[in-house]
Amino acid sequence: MNPVLNTAFKAARRAGDMMVRAANNLSAVKVDSKAFNDFVSEIDRNAEAIISDILLEAYPQHRITAEEGGSRGNPRAEYEWIIDPLDGTTNYLHGHPQYAISMALLHKGVLQEALVYAPERNDLYMASRGKGALLNDRRIRVSNRIEMNRSLIGTGFPVVDQSMMDRYLAILRDFLAKTAGARREGAASLDLCAVACGRFDGFFEFNLKPWDIAAGALIVQEAGGIVTDLRGNEGWLESGDIVAANPKVLAQMLKIIAPHLPADSATADN
């Protein structure tokens, strides 16, 4: 583990230990609603503070962009951390162990390091640009499946922006007719990691935020997968519309999605 990821894991481990302890008494956790079906708890905020403090102590010239607290650190920094302190808040608040801490480091806007840590399972996914991806110190690779009718696809429902639901359901219907099945587990960072280690053959979702996908996407890429937007282009980190899979499955996924995209737009939500 390189020094940057070692520091990131120190921060994630400390925040994760706090989450696991608090999970023993979820009824005492204070929860607010940011929007319809979009919740934030005191655990999200406490985890973000723990992680940000450790990173800025080690790297005071870096900038942090995190889901709950906005930006901290040097606003002109070349290095930027993108952090989701608790991806899968709704799962966590219901005692469902599908949640994670997601951390990515960019240099001049290019993803360089990624860490996704699932504290209740003690699973640690990591990647460094050009150096491959790991799960608990074991190298991982995307699946080698090429048949769409045997592929298992991960996804996420557009529950926050309900205006996208009709298009999403039409796409999902086509996937269900042409694959071995689809799964919605409620934490995009872990869905992407599932692609990276071959548990899912592909993943797609609309309108995510950078902290939802930055770390998981680099882990997929370093595991031999491809990440694009819904049209097969770059810009997925900005749009939040993402497709990730092994190369053969990704091409077939894009063909399923394409008929449902508006002709005059580069994204699915316009």
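All residue numbers in this chain count up from 1 along the given sequence. Quick caveat: nothing in here was measured; it's all calculated off a predicted structure.
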For this session: Determine the minimum heavy-atom distance between D44 and L86, stating which atoms define it.
Result: OD2-CB, 3.5 Å
Exercise. Any chain of hydrophobic side-chain contacts (each under 4.5 Å) joining I153 to L190?
Worked result: no
Exercise. Quick check: does any side chain N or O of R145 sit under 3.5 Å from a backbone N or O of S151, one acting as donor and the other as acceptor?
Worked result: no
Exercise. Ignoring hydrogens and geometry, is there a side-chain-to-backbone donor-acceptor pair from D241 to N207 under 3.5 Å?
Worked result: yes
Exercise. Is there a side-chain contact between T179 and L152 (heavy atoms, below 4.5 Å)?
Worked result: no
Problem set entry | Side-chain donor/acceptor of E67 to backbone N/O of P85, under 3.5 Å | no
For this session: Determine yes or no for a side-chain-to-main-chain donor-acceptor pair under 3.5 angstrom, with D87 supplying the side chain and S102 the backbone.
Result: no
Exercise. Atom CD1 of I140 and atom CG of L135: how far apart are they, to the nearest 0.5 Å?
Worked result: 5.5 Å
For this session: Please check if the side chain of N91 supplies one atom and the backbone of Q98 the other of a donor-acceptor pair under 3.5 Å.
Result: yes
Exercise. Looking at Y99 and P119, what are the two nearest heavy atoms and their distance?
Worked result: CE1-CG, 3.5 Å
For this session: Spell out, as yes or no, whether a donor-acceptor pair under 3.5 Å connects the side chain of N233 to the backbone of D229.
Result: no
Problem set entry | I213 side chain reached by V227 side chain, heavy atoms, under 4.5 Å | no
Seminar exercise, completed: Scanning both residues in full, the closest heavy-atom pair of I171 with I256 reads O-CG2, 4.4 Å
For this session: State whether the side chain of Y92 and the backbone N or O of M19 hold a donor-acceptor pair below 3.5 Å, judged by distance alone.
Result: yes
Problem set entry | Donor-acceptor contact present, side-chain R141 to main-chain G198, <3.5 Å | no
Exercise. I226 and V195: same hydrophobic cluster, using ILVMFWY side-chain contacts below 4.5 Å?
Worked result: no
Problem set entry | Check: Y79 and Y59 side chains under 4.5 Å, non-hydrogen atoms | no
Exercise. Rounded to the nearest 0.5 Å, how far apart are CZ of R14 and CG of D17?
Worked result: 9.0 Å
Problem set entry | Min side-chain heavy-atom separation E113-L115 under 4.5 Å | no
Problem set entry | Chi angles and distances behind the side chain to side chain donor-acceptor pair (under 3.5 Å) call for Y125, N136 | CA-CA 7 Å; Y125 301 86; N136 298 333; over 6 Å; no
Exercise. Would you say the side chain of E185 lies within less than 4.5 Å of the side chain of H96, judging by non-hydrogen atoms?
Worked result: no
Problem set entry | Approximate separation, where rounding is to 0.5 Å, of F175 CZ and F204 CZ | 5.0 Å
For this session: Please tell me if the side chains of L56 and W81 come closer than 4.5 Å, counting only heavy atoms from C-beta onward.
Result: no
Exercise. Taking side chain as C-beta onward, heavy atoms only, is R21 less than 4.5 Å from I43?
Worked result: no
Exercise. When you look at N2 and S128, which way does the side chain to side chain donor-acceptor pair (under 3.5 Å) test go after all the steps?
Worked result: CA-CA 9 Å; N2 68 41; S128 297; 3.2 Å; yes
Exercise. Under the 3.5 angstrom rule, does the side chain of N246 hit a backbone N or O of S143 as a donor-acceptor pair?
Worked result: yes
Problem set entry | Closest contact, heavy atoms only, A215 versus A104 | N-CB, 3.7 Å
Problem set entry | Stepwise side-chain contact (heavy atoms from CB on, under 4.5 Å) check, L192 with I219 | CA-CA 8 Å; L192 288 163; I219 292 169; over 6 Å; no
Problem set entry | Spacing of R13 atom CZ and Y117 atom OH [to the nearest 0.5 Å] | 3.5 Å
Problem set entry | ILVMFWY network linking L106 to V116, side-chain heavy atoms under 4.5 angstrom | no
For this session: Calculate, to the nearest 0.5 Å, the distance between atoms CZ and CG belonging to R167 and L172 respectively.
Result: 14.5 Å
Exercise. So E205 and T155, side chain to side chain donor-acceptor pair (under 3.5 Å) or not? Walk me through it.
Worked result: CA-CA 6 Å; E205 192 167 349; T155 187; 5.9 Å; no
For this session: Before accepting this row, confirm whether a basic side-chain N of the pair K248/D201 lies closer than 4.0 Å to the acidic partner's carboxylate O.
Result: no
Exercise. Do L261 and R231 come close enough that some side-chain heavy atom pair is under 4.5 Å?
Worked result: yes
Problem set entry | Closest contact, heavy atoms only, V220 versus V142 | O-CG1, 4.2 Å
For this session: Compare every heavy atom of E222 with every heavy atom of G130, then report the nearest pair and how far apart it is.
Result: N-OE2, 2.8 Å
For this session: Enter the distance from Q252:CD to K178:NZ here, rounded to the nearest 0.5 Å.
Result: 10.5 Å
